[in-house]
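Structure first, then comments.
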Amino acid sequence: MQRTNFSEMACSIARTLDVIGEPWSPLVLRDVWVGLTRFEQIQADLGISRKVLTERLNHLVEHGVLERRPYDRRPRYEYVLTEKGTELVDLLMVMAGWGDRWLAGEAGPPVLYRHHACGEISRGELRCAHCGEPMHAGDVDVLPGPGAAA
């Protein structure tokens, strides 16, 4: 079944979903972020088929989110986050915070995040790039930008 192409929509959410909207992609990015960089490691962790994982990795490399680096004389590669991919992990941290709050249940969050700068356990949080205050959906007005559809 052909997936809808969101890349041409005048919407940054749709364009982002075109890159990571397939359910395996964020999980592949998470695995690479935590240090599972080789195909076999990612496949074992996710239990994903070789075919689907190959497609996801190729897609993420094609979109500049991951970089493929050889690690053996044979054609074997490891995957590393690019700058673009590292910024997507920031998005995943916000998603994890939502999941921790609304879906973790009594067991609590499955992972914790220790902030390097202060050494404290914290959570990803969206903040205003200008004033640094927390920023939530009710705190903003959505206005047309320069790239808005006519």
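Nothing here was measured: the structure is a model prediction, and the numbers come from that model.
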Is there a side-chain contact between Thr54 and Ser49 (heavy atoms, below 4.5 Å)?
no
What pair of heavy atoms forms the shortest contact from Ala10 to Ala148, and how long is it?
CB-C, 4.5 Å
Is it the case that more than 12 heavy atoms not belonging to Arg101 sit under 6.0 Å from its CZ atom?
no
Out of curiosity, Glu125 CD to Met135 CE, how far, rounded to the nearest 0.5 Å?
11.0 Å
Of all residues at least two apart in sequence or in a different chain, which pass the side-chain contact (heavy atoms from CB on, under 4.5 Å) check with Arg68?
Asn58, Val61, Tyr77, Tyr79
Report the residues that fulfil side chain to side chain donor-acceptor pair (under 3.5 Å) with Arg30, sequence neighbours left out, ordered by chain and then residue number.
Asp45
Compare every heavy atom of Pro134 with every heavy atom of Arg127, then report the nearest pair and how far apart it is.
NH1-CD, 3.1 Å
According to the ring pair (Phe, Tyr, Trp, His ring centres under 6.0 Å) rule, which pairs have a member within residues 55-75, sequence neighbours left out?
His59-His63
About how many Å separate CG of Leu53 and CG of Leu27, when rounded to the nearest 0.5 Å?
11.0 Å
Residues forming a side chain to side chain donor-acceptor pair (under 3.5 Å) with Thr82, sequence neighbours excluded:
none
Taking Ser25's backbone N and O only, do any of them form a donor-acceptor pair with Arg56's side chain (distance below 3.5 Å, no angle check)?
no
Run the side chain to side chain contact (heavy atoms under 4.5 Å, CB included) check on Val94 and Asp90 step by step: do they pass?
CA-CA 7 Å; Val94 173; Asp90 294 345; over 6 Å; no
Given a cutoff of under 4.5 Å between side-chain heavy atoms of I, L, V, M, F, W and Y, with clusters grown through shared members, what are the other residues clustered with Leu112?
Ile121
What's the spacing between Thr86 OG1 and Leu91 CG if we round to 0.5 Å?
13.0 Å
Common cluster, Leu88/Trp98, ILVMFWY with side-chain heavy-atom separation under 4.5 Å:
no
Leu29 side, atom CG; Leu92 side, atom CG - distance, nearest 0.5 Å
6.0 Å
Quick one: which residue pairs count as a ring pair (Phe, Tyr, Trp, His ring centres under 6.0 Å) with a foot in residues 15-50, not counting sequence neighbours?
none
Let me check something: do Val89 and Leu126 share a hydrophobic cluster, defined by ILVMFWY side-chain heavy atoms less than 4.5 Å apart, either directly or through other members?
no
Could you tell me whether a side-chain N or O of Arg15 sits under 3.5 Å from a main-chain N or O of Met9, the two making a donor and an acceptor?
yes
Mind checking the OG-CG spacing from Ser12 to Leu17? Nearest 0.5 Å is all I need.
11.0 Å
With rounding to the nearest 0.5 Å, note down the distance linking CD1 in Ile48 to CG in Asp31.
9.5 Å
Val19 vs Thr16, side chain to side chain contact (heavy atoms under 4.5 Å, CB included): CA-CA, chis, key distance, verdict:
CA-CA 5 Å; Val19 177; Thr16 302; 5.7 Å; no
What pair of heavy atoms forms the shortest contact from Ala104 to Pro109, and how long is it?
CB-N, 3.9 Å
Using the rule that Ile, Leu, Val, Met, Phe, Trp and Tyr join whenever any side-chain heavy atoms are under 4.5 Å apart, tell me whether Val111 and Met93 fall into a single cluster.
yes
Mind listing the closest non-hydrogen atom pair of Ile42 and Leu36 along with its distance?
CG1-O, 3.4 Å
Quick one, Val80 with Arg69, criterion side chain to side chain contact (heavy atoms under 4.5 Å, CB included). Give me CA distance, side-chain angles, the key distance, then yes/no.
CA-CA 8 Å; Val80 295; Arg69 292 187 185 159; 3.5 Å; yes
